[in-house]
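Computed over heavy atoms, backbone and side chain alike; hydrogens, waters and symmetry mates excluded. Proteins come first, then strands; the chains are lettered A, B, ... in the order of their sequence lines, and each starts at number 1.
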Amino acid sequence: NAGVTQTPKFQVLKTGQSMTLQCAQDMNHEYMSWYRQDPGMGLRLIHYSVGAGITDQGEVPNGYNVSRSTTEDFPLRLLSAAPSQTSVYFCASSYSGGANEKLFFGSGTQLSVL
Amino acid sequence: KQEVTQIPAALSVPEGENLVLNCSFTDSAIYNLQWFRQDPGKGLTSLLLIQSSQREQTSGRLNASLDKSSGRSTLYIAASQPGDSATYLCAVRRDGNKLVFGAGTILRVKS
C-alpha cells in the first residue's frame, strides 16, 4: 500500500536555485494538494487540484507553481528558492475533494534554503 | 478570516491518565472539523472527522466533541499510553477544498 509518496525526503538549496518536489498517489484520487508546515503556524495550503488539468491557488501560492498532467502526479515547483521557503512540505490527496472526505498525507519533504 | 488555536501547545502526562486537548476556531460557519495525529518525520493521519451537524465522534479510546456555537472542539484520550505520544492537530473545513489547521499540541505520555 504505497498511498501518497513524496520525494525527496530532504533537500538543501541555495537561494535562487530551482527544484521540483514530487508527489504521487496510487489511490486514483482526483483531489491533490500541497501544504507547508512551519513551526507554530500549523499547515497552510499552497495549491490544489481537483483533477488532471485543473489547479487552483491556496492560501500561500506565491513563489510556487504546479501542474497536473496525470491523475497520479502533482509536482510542486520552486522557480527561485528563497530562505522564506524553508519549511516542511506535505502532499495530500482525497477521492474527489468532498467536504467530508478524509485526506491522506505523504510523509513530507524537509526543505532548507540557505 | 478563519483562525484555529490549540491549547496547550505541549502536554506531558503519566501513562494511564485521561487527557483533553482543546481546539478553538473563530468562524462557526464550518463544514466539519478533523483531528489528525502527526508522528515525528511522518505525515498526518486522520483520527476523527466531525460533521457540522454532529456533536461528537468516537474511535476506540478517542472521543472528539464539537460545539459550533462556541467555536470549540475537544479531543479526549482515555487511559493514555506511551504510543499516544505525537503531535495532535485540529483542522476546520470552511468552504471548498480548504482546511485551516491549528498549530498542534505536542503530547508526551511518560511510562
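Under the 4.5 Å side-chain heavy-atom criterion for ILVMFWY residues, no single connected hydrophobic cluster contains both B/L48 and B/F36. Cluster membership for B/L107 and B/L47, using ILVMFWY side-chain heavy atoms within less than 4.5 angstrom, is shared. Cluster annotation: A/L78 and A/F74 are assigned to the same hydrophobic cluster (Ile/Leu/Val/Met/Phe/Trp/Tyr, side-chain heavy-atom contacts under 4.5 Å, transitive).
Contact of the B/F101 side chain with the A/L45 side chain is not registered, since no non-hydrogen atoms from C-beta on lie closer than 4.5 Å.
Contact annotation for B/L49: only side-chain heavy atoms (C-beta onward) come within less than 4.5 Å of a heavy atom of chain A. Of the atoms belonging to A/E59, it is side-chain heavy atoms, and not backbone ones, that fall under 4.5 Å from chain B.
For residues 102-114 of chain A, the pairs satisfying side chain to side chain donor-acceptor pair (under 3.5 Å) are A/K9-A/S107, with sequence neighbours left out.
Residue A/L43 holds its CG atom at 5.5 Å from CG of B/L44, rounded to the nearest 0.5 Å. The distance from the CD atom of B/Q38 to the CZ atom of A/F90 is 4.5 Å, given to the nearest 0.5 Å. One distance of note links CZ of B/R93 with CG of A/L103; it measures 6.0 Å at 0.5 Å rounding. With rounding to the nearest 0.5 angstrom, the OG atom of B/S53 is 8.0 Å from the CG atom of A/N100.
Chaining together hydrophobic side chains whose heavy atoms lie under 4.5 Å apart leaves B/I106 on its own.
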Applying side-chain contact (heavy atoms from CB on, under 4.5 Å), run through B/L89 and A/Q37 and close with a yes or a no. CA-CA 12 Å; B/L89 299 99; A/Q37 184 177 32; 4.1 Å; yes
